[in-house]
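See structure below.
First the proteins, then the strands, lettered A, B, ... as listed; each starts at 1.
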There are 2 protein chains.
Amino acid sequence: MLSPKINFDTKQLPEALLPLLTFARQRNIEKGKYLVEQGLHCNLFFLVLEGVFRTYRTTDEQDFITGFTFKGDLDTNPYSLFNNIPSTETIEALTDAVVLIFPKEDLFEARNNNLPLQDFIITLLANYVETLETRLHQNRSMTAEQRYLQLLQTQPEEIKKIPLGYIASYLGITKERLSRIRKKLS
Amino acid sequence: MLSPKINFDTKQLPEALLPLLTFARQRNIEKGKYLVEQGLHCNLFFLVLEGVFRTYRTTDEQDFITGFTFKGDLDTNPYSLFNNIPSTETIEALTDAVVLIFPKEDLFEARNNNLPLQDFIITLLANYVETLETRLHQNRSMTAEQRYLQLLQTQPEEIKKIPLGYIASYLGITKERLSRIRKKLS
DNA sequence: TGCCTCTTTTGACCTAAGTCAATTCAGGAG
DNA sequence: CTCCTGAATTGACTTAGGTCAAAAGAGGCA
């Protein structure tokens with residue numbers, strides 16, 4: 001996810017995004033379908049109205065999950081979107097989902113004469129940088145168990161919907177290890 | 001570092017930064033001095049003209065190095081700068097250094113009527129997000145030795161100037177381990 | 001030249017987490 | 001209900017990397 005928990009009630013989108021709303025299309029996404037694909041150009045960003053997504057990178061046949069996206073989160077691959085190059089990761093629906101899609105052309109169009117929108121994007125990215133740096137830091141300073149407990153604490157509801165193997169991949173550990181951690185904690 | 005290797009020859013700054021140049025102040029920084037401090041508001045970004053910096057986070061008396069900044073790199077704490085909140089990390093000169101400082105007020109002033117500058121910042125941040133995601137990914141998919149080799153390959157010159165203990169911290173390992181990795185490789 | 005301090009190296013031992021392989025469990029399709 | 005398939009658990013064993021403590025280098029400077 002790029003942004004965690006935007007406070008949206010359909011009409012309660014962030015001010016800066018309102019001008020984009022006329023261009024946005026609501027779409028149903030089937031479980032297992034991709035919104036962004038590693039190797040292909042990412043030409044949208046989206047807001048999750050319903051469902052769960054995972055973002056992952058594939059190397060040597062192996063998937064590494066870098067994040068999850070839940071209801072109320074904005075997501076995209078900023079590197080691909082803003083540099084106009086192929087995406088370095090895949091974003092896949094883990095459940096049937098409903099999203100609000102903002103096509104790239106419209107975003108870029110709107111961006112040209114809309115300073116609040118630019119500011120909004122900058123803040124979003126700056127906050128995401130912080131999220132990533134914190135994760136990097138916690139990966140070194142905390143044990144797998146501590147990281148799992150922390151995840152439970154920050155995302156108690158959402159985490160229940162995600163298979164153990166995916167959570168393990170996100171935490172950077174094996175499924176066996178997470179299984180044992182859960183056993184120990186119960 | 002926020003940006004790696006800007007192609008600067010004093011006058012070869014990125015187009016978008018030129019309007020900021022009149023506000024920029026060149027300053028000498030003594031070894032050991034801070035440009036940004038964890039817990040304090042970050043009110044600048046800077047370009048390294050000479051010297052080396054390290055960025056680190058402190059928890060429980062322990063420092064964790066999140067990155068180095070070399071000649072030609074831009075750096076700041078974007079989270080603090082753009083949200084106007086205390087910095088989550090410290091940026092310290094590892095050697096005597098010379099930097100070009102862009103004060104926050106001037107940046108924010110210039111940002112208001114300068115779309116190319118906004119675009120430039122967005123690209124910078126999007127690229128840094130990618131750098132961080134790649135690091136996070138490599139921390140799980142590669143061994144300490146592979147990560148060290150890769151660092152050697154991408155920063156062969158710069159790395160020579162940095163004490164072993166700092167490199168180890170950056171790689172997320174102990175100094176003893178890095179010492180052994182070096183021994184094995186020689 | 002010699003002393004002090006900081007950095008790096010080396011050795012012995014420990015532990016968190018991975019690997020592999022065999023079960024067990026759970027949910028959907030007939 | 002029963003079968004099948006993918007997910008989760010469990011056990012036995014291995015390993016990358018950490019910890020602690022001591023020794024060896026390597027400047028800087030009086």
Side-chain angles (χ1 to χ4, degrees), chain A residues 30-33 51-54 56 58-65 68 92-96 135-152 158-186, chain B residues 30-33 51-54 56-57 59-65 68 92-96 135-152 158-186:
Chain A
E30 252 180 89
K31 174 177 175 171
K33 288 274 181 288
V52 182
F53 291 80
R54 70 168 175 140
Y56 63 95
T58 309
T59 30
D60 313 319
E61 308 284 286
Q62 254 221 294
D63 290 350
F64 294 86
I65 295 184
F68 299 110
E92 176 195 343
L94 284 185
T95 63
D96 286 342
R135 290 247 316 271
L136 210 44
H137 176 222
Q138 289 178 340
N139 277 188
R140 349 193 123 161
S141 57
M142 293 162 69
T143 64
E145 182 175 326
Q146 290 173 318
R147 275 177 277 142
Y148 176 62
L149 281 171
Q150 209 227 17
L151 181 63
L152 272 188
E158 292 83 350
I159 228 60
K160 288 181 194 156
K161 303 170 193 159
I162 298 176
L164 173 143
Y166 288 162
I167 300 175
S169 172
Y170 172 76
L171 290 173
I173 58 180
T174 60
K175 55 192 192 328
E176 292 93 337
R177 175 116 307 269
L178 180 52
S179 178
R180 288 184 164 108
I181 288 173
R182 279 188 171 172
K183 188 186 179 185
K184 185 190 161 201
L185 292 176
S186 67
Chain B
E30 250 179 273
K31 174 176 175 173
K33 286 275 181 289
V52 182
F53 292 81
R54 69 167 176 142
Y56 63 94
R57 298 179 172 224
T59 29
D60 313 319
E61 307 284 285
Q62 253 222 294
D63 290 350
F64 294 86
I65 295 185
F68 300 110
E92 175 194 344
L94 285 185
T95 62
D96 286 344
R135 291 246 318 270
L136 210 43
H137 176 222
Q138 290 177 341
N139 277 188
R140 348 192 126 161
S141 57
M142 293 162 68
T143 64
E145 181 175 328
Q146 289 173 318
R147 275 177 277 143
Y148 176 61
L149 281 171
Q150 209 227 17
L151 181 63
L152 272 188
E158 292 84 350
I159 228 62
K160 288 180 194 156
K161 303 170 194 159
I162 299 176
L164 174 143
Y166 287 162
I167 299 175
S169 172
Y170 172 75
L171 290 172
I173 58 180
T174 59
K175 55 195 194 323
E176 292 92 338
R177 176 118 306 268
L178 181 52
S179 177
R180 289 182 164 109
I181 288 174
R182 278 188 170 171
K183 188 186 181 189
K184 186 189 158 199
L185 290 176
S186 66

What distance separates B:Phe64 CZ from A:Arg140 CZ, expressed to the nearest 0.5 Å? 8.5 Å
With rounding to the nearest 0.5 Å, note down the distance linking NZ in B:Lys160 to CG in B:Leu152. 9.5 Å
Residue among A:Lys184, A:Lys183, A:Arg180 satisfying salt bridge (Lys or Arg N to Asp or Glu O under 4.0 Å) with A:Glu145: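 Answer to the salt bridge (Lys or Arg N to Asp or Glu O under 4.0 Å) test with A:Glu145 among A:Lys184, A:Lys183, A:Arg180: A:Lys184.
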Please report the distance, rounded to the nearest Å, between [atom1] in [X] and [atom2] in [N].
X: B:Glu145; N: D:dG17; atom1: CD; atom2: C1'; result: 12 Å
X: B:Arg177; N: D:dC20; atom1: CZ; atom2: C1'; result: 15 Å
X: A:Lys175; N: C:dT24; atom1: NZ; atom2: C1'; result: 14 Å
X: A:Tyr148; N: C:dA16; atom1: OH; atom2: P; result: 19 Å
X: A:Arg147; N: C:dA17; atom1: CZ; atom2: P; result: 7 Å

Any heavy-atom pair between the side chains of [Y] and [X] that's under 4.5 Å?
X: B:Leu149; Y: B:Ile181; result: no
X: B:Tyr56; Y: B:Glu92; result: yes
X: B:Arg147; Y: B:Asn139; result: yes
X: A:Gln150; Y: A:Gln138; result: yes

Can you tell me if [X] uses its side chain to pair, donor with acceptor, with the backbone of [Y] under 3.5 Å?
X: B:Asp96; Y: B:Lys31; result: yes
X: B:Thr95; Y: B:Val52; result: yes
X: A:Thr143; Y: A:Gln146; result: yes

From C:dG18, D:dT19, D:dG17, nucleotide with atom closest to A:Ile173 side chain: C:dG18
Under 4.0 Å from any atom of DNA chain C, heavy atoms only: list the residues of [range] that qualify, in numerical order.
range: residues 178-186 of chain A; value: A:Arg180
range: residues 163-171 of chain A; value: none
range: residues 135-142 of chain A; value: none

N/O-N/O pairs, protein side and nucleotides 21-24 of chain D side, under 3.5 Å:
none

Run A:Leu94 and A:Phe68 through side-chain contact (heavy atoms from CB on, under 4.5 Å) and show every step you take. CA-CA 9 Å; A:Leu94 284 185; A:Phe68 299 110; 4.3 Å; yes
Verdict with reasoning, B:Arg135 to A:Leu136, per side-chain contact (heavy atoms from CB on, under 4.5 Å): CA-CA 8 Å; B:Arg135 291 246 318 270; A:Leu136 210 44; 3.6 Å; yes
Can you pull out how bent the helix from C:dT1-D:dA30 to C:dG30-D:dC1 is, comparing the axes over its first five and last five pairs, to 10°?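 Inter-axis angle at the ends, rounded: 30°.
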Which side-chain N or O atoms in residues 161-179 of chain B pair as donor and acceptor under 3.5 Å with protein atoms at least two apart or in another chain?
from, atom 1, to, atom 2, distance (Å)
B:Ser169, OG, B:Ile65, N, 3.0
B:Thr174, OG1, B:Arg177, N, 3.2

